[in-house]
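As structure tokens, the structure follows; a few thoughts come after it.
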Number of protein chains: 2
Amino acid sequence: MILKSQVEWALHCCAILAGLPEGRYLSTKALAELHGLPKEYLSKALQSLSQAGLVHSTLGPSGGYRLARPPAELNFLEIVEAVEGKSRTFVCDNIRANNPCRPKGYCDSSPCAVARIMWEADEAWRQKLRSVTLADLGEILSRETPPAIWKDTFDWVLKRAG
Amino acid sequence: MILKSQVEWALHCCAILAGLPEGRYLSTKALAELHGLPKEYLSKALQSLSQAGLVHSTLGPSGGYRLARPPAELNFLEIVEAVEGKSRTFVCDNIRANNPCRPKGYCDSSPCAVARIMWEADEAWRQKLRSVTLADLGEILSRETPPAIWKDTFDWVLKRAG
DNA sequence: ATATTATGGATATTAAATATCCCTATATCT
DNA sequence: AGATATAGGGATATTTAATATCCATAATAT
């Protein structure tokens, strides 16, 4: 069980968009080039973000994407779920119902205990992702990235932002 | 990203093995029949448990599996990892290194911030799974399962346990 | 001896992830 | 008005992982 690589792409792209000045847009082409990713396929990930309402897009030359909300109001879980889907990582096929000792058609009142425990773990994962915003990420990155690279990247992006 | 169905199978099988009297073994055939699963494929999941040292196996007629440890000393994470592998659910391809503004061959001191956050969420998931033992599950099941089904199942298993 | 079992290897089948291509509508610029 | 660059969506390969089956082998109980 491994998350799609599109999750990584989406997170990094959002981190870049979070640093974009108000009202500016950055294209798929620029984002793909900046991260060394296949433009066409990255486009699908960005479309997922758009459909989820996390980013706003605009057409034409100088078109592209910007965040739909301030970085402090956009958390990791939203981005992950936009790309990966909202369904839980553990699927319960209710195999306990196949137990030949159970009356046929017997209906359990509560979901399977095994599934409930697995879903609690899933929720712990989601809770952690929910607790980290793009603003938090930006703060970490600005602290860790060497100033020269940070500035060069900012300039590189601005030059291409419509 | 969805866990293999073998994870569900392994958990349910371990729950049954946890109720087995000391020294008895239950075969793949019985476990497959009890859960309505393909015997050959379930066998692979049980082999994973065996290789991880979570269960002990014995050959020949009346052979099969038993837990290698008391249910209170066997947690969900061990079972999940035995089947699903121990690798993290988020793979970092370090795409930040593709940033054209970075000096070629530049080596970061610490792993990517995005990956670290995703790994923290992964660890929260694992921590939750680590905190639940087969004994906990057994307690829940014995409380929730209707006594008649519970008893019939126990008898069904005992009749087939070598 | 015979039957039953776990184990491991080989292989087939199905589903999902990855990736590319092309067409359309829209916006910008000249 | 016309040329160009963009997102969006549909169709379709390609690759990889999950699911599943089959068979040969060694060990064990009766």
Side-chain angles (χ1 to χ4, degrees), chain A residues 1-10 13 17 23-33 35-66 68 80 82-85 87 89-91 93 95 160-162, chain B residues 1-10 13 17 23-33 35-66 68 80 82-85 87 89-91 93 95 160-162:
Chain A
M1 183 193 62
I2 291 183
L3 288 165
K4 311 190 207 186
S5 52
Q6 285 198 343
V7 170
E8 183 184 15
W9 303 357
C13 287
L17 295 182
R24 309 285 296 274
Y25 290 80
L26 196 59
S27 72
T28 304
K29 187 183 170 197
L31 285 166
E33 193 180 342
H35 296 109
L37 302 174
K39 183 167 84 75
E40 311 277 0
Y41 195 26
L42 172 62
S43 169
K44 302 294 185 187
L46 297 173
Q47 283 174 40
S48 296
L49 295 177
S50 178
Q51 283 165 3
L54 307 186
V55 301
H56 181 254
S57 70
T58 184
L59 286 172
S62 81
Y65 298 92
R66 65 167 170 81
V80 170
V83 170
E84 188 69 36
S87 64
T89 57
F90 179 85
V91 171
D93 286 330
I95 60 175
R160 286 159 181 83
Chain B
M1 181 192 65
I2 291 183
L3 287 164
K4 311 190 207 186
S5 52
Q6 286 198 343
V7 169
E8 184 185 13
W9 304 356
C13 286
L17 294 183
R24 310 285 294 276
Y25 289 80
L26 196 60
S27 70
T28 305
K29 187 184 170 197
L31 286 167
E33 194 180 341
H35 296 108
L37 302 174
K39 183 168 84 77
E40 310 278 359
Y41 194 27
L42 172 63
S43 169
K44 299 297 184 188
L46 297 173
Q47 282 175 43
S48 297
L49 295 177
S50 178
Q51 282 164 5
L54 307 186
V55 300
H56 182 254
S57 72
T58 183
L59 285 173
S62 82
Y65 298 92
R66 65 167 171 81
V80 170
V83 169
E84 188 68 38
S87 63
T89 57
F90 179 86
V91 172
D93 285 331
I95 61 176
R160 285 158 182 84

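Just so it is clear: chains get the letters A, B, ... in the order the sequence lines come, proteins before strands, and each one is counted from 1. Computed from a predicted model, the values in this text were never measured in an experiment. Heavy-atom basis, side chains included; hydrogens, waters and symmetry copies ignored.
Atom OH of B:Y25 and atom P of D:dA27 are 16 Å apart (whole Å). D:dA17 atom P lies 16 Å from atom CD of B:Q6, rounded to whole Å. In this structure, B:K39 places its NZ atom 17 Å from C1' of D:dT19, rounding to the nearest Å. Between the CD atom of B:E84 and the C1' atom of D:dA17 there is a distance of 11 Å, rounded to whole Å. In this entry the distance linking OH of A:Y41 with C1' of D:dG9 reads 16 Å, nearest Å.
For D:dG9, the OP1/OP2 oxygens have a side-chain nitrogen or oxygen of A:Q47 closer than 4.0 Å.
A donor-acceptor pair under 3.5 Å is absent between the side-chain atoms of A:E84 and the main chain of A:L3, judged by distance alone. Distance alone, capped at 3.5 Å, is enough to place a donor-acceptor pair between the B:R24 side chain and the B:A161 backbone.
Shortest non-hydrogen contact noted between B:E8 and A:I95 is OE2-N, 3.9 Å.
For DNA chain D, the residues of residues 48-63 of chain B within the heavy-atom distance limit of 4.0 Å (strictly under) are B:L59, B:G60, B:P61, B:S62, sorted by number.
We find the CG-CG distance between A:L37 and B:D93 to be 9.0 Å, quoted to the nearest 0.5 Å. To the nearest 0.5 Å, the span separating CD on B:Q6 from CG on B:L42 amounts to 8.0 Å.
Heavy-atom contacts of chain B under 4.0 Å fall on DNA chain C between two terminal nucleotides, which in 5' to 3' order are C:dA3 to C:dA17.
Residues A:L46 and A:I2 each lie close to DNA chain D; by heavy-atom proximity, the contact nearer the 5' end of the strand is made by A:L46. In terms of position on DNA chain D, the residue among A:M1 and B:P38 whose nearest nucleotide sits closer to the 5' end is A:M1.
Contacts of A:G162 with the nucleic acid, taken as non-hydrogen atoms under 4.0 Å apart, are absent. Nucleic acid contact for A:S43: none, since no nucleic acid atom lies under 4.0 Å from a heavy atom of the residue.
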Only distances under 3.5 Å count here; give the side-chain donor-acceptor pairs of residues 49-61 of chain B to other protein atoms, sequence neighbours excluded, each with its distance to 0.1 Å.
{"from": "B:H56", "atom 1": "ND1", "to": "B:Y25", "atom 2": "OH", "distance (Å)": "2.9"}

* Taking it one step at a time, do A:W9 and A:V83 satisfy side chain to side chain contact (heavy atoms under 4.5 Å, CB included)? -> CA-CA 10 Å; A:W9 303 357; A:V83 170; over 6 Å; no
* I would like to know whether A:Y65 and A:Q47 meet side chain to side chain contact (heavy atoms under 4.5 Å, CB included); could you show each step before the answer? => CA-CA 10 Å; A:Y65 298 92; A:Q47 283 174 40; 4.2 Å; yes
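Residues B:C13 and B:H35 form a side-chain contact, since some pair of their non-hydrogen atoms from C-beta on lies under 4.5 Å apart.
At a cut-off of 3.5 angstrom, counting only N and O atoms as typed in the model, there is a donor on one side and an acceptor on the other between the side-chain of A:K44 and the base of D:dG10.
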